[in-house]
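Okay, so here's the structure we're looking at.
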Amino acid sequence: MALRTILEFPDPRLRTRAQPVTRFDAALGTLIDDLLETMYAAPGIGLAATQVDVHQRVIVIDVSKEHNEPLTLINPVILAREGEASTEEGCLSVPGIFDDVKRATKVRVRSHDRKGREHEGEYQDVLAVCIQHEMDHLEGKLFVDYLSDLKRERIRKKLEKERRERGSRPAANATGARRAY
Ligand code: NI
């Protein structure tokens, strides 16, 4: 396993639309293991392959405290949505920034697992929000796209300033109540 570098806004590679996975092989297994390791190390509760510059439709999520409930969704499709609520979101590709985004509170999702088996599941609350956020990454979309142009521009400037100041050191990610994905 290996840690991968997480791309940061406004890196244009984050705007790439990911392709469906067609080969459920050892390379896919390595990618999934690397995504999980990179997500746990960040620390974060979700990560899309897009964020590590791999443009395949793969997302990993683990919202458990003990990091023992990893969820891998490959080629995910939302079949149904229910409810709507605003939740404060954070993103590993937009370090240190948190803002409210309106999403469905419950989603029904069809996806494949790492062996290529098809699954359907219902997810709610933080899991539902996280899945919708990660699926946006696969479309080249970021949570800051839901904010005003003015706000997004302020965030871009703030992150660029912080990157200049910290040099090659990695960004500090939130822990505790505020979680990024
Ligand atoms: Ni994100």
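Atoms within each ligand, like the ligands themselves, are counted from 1 in listed order.
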*Sidechain N-carboxylate O distance under 4.0 Å for Glu153, Arg156*: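 Here Glu153 pairs with Arg156 in a salt bridge, since their nearest N and O are under 4.0 Å apart.
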
*Are the charged groups of Arg15 and Asp145 less than 4.0 angstrom apart, N to O?*
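Looking at Arg15 and Asp145, the cut-off is met.
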
*asked:* Please evaluate residues Arg163 and Glu8 with respect to the criterion side chain to side chain contact (heavy atoms under 4.5 Å, CB included), reporting the C-alpha separation (whole Å), side-chain torsions for both, the decisive distance (0.1 Å), and the verdict.
replied: CA-CA 10 Å; Arg163 264 194 291 277; Glu8 288 177 18; 2.7 Å; yes

*asked:* Using 2.8 Å as the threshold, say whether any N, O or S atom from Tyr181 sits that close to the Ni ion (ligand 1).
replied: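 Under 2.8 Å: Tyr181 contacts the Ni ion (ligand 1) through an N, O or S atom.
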
_With rounding to 10 degrees, what does the angle Cys91:SG / the Ni ion (ligand 1) / His137:NE2 come to?_
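SG of Cys91, the Ni ion (ligand 1) and NE2 of His137 span an angle of about 100°.
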
*Aromatic rings Phe24 and His112: how do their planes relate, parallel, tilted or perpendicular, breaks at 30° and 60°?*
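Correct class here is tilted.
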
*Can you name the N/O/S atom of His133 that is nearest the Ni ion (ligand 1)?*
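His133's closest N, O or S atom to the Ni ion (ligand 1) is named NE2.
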
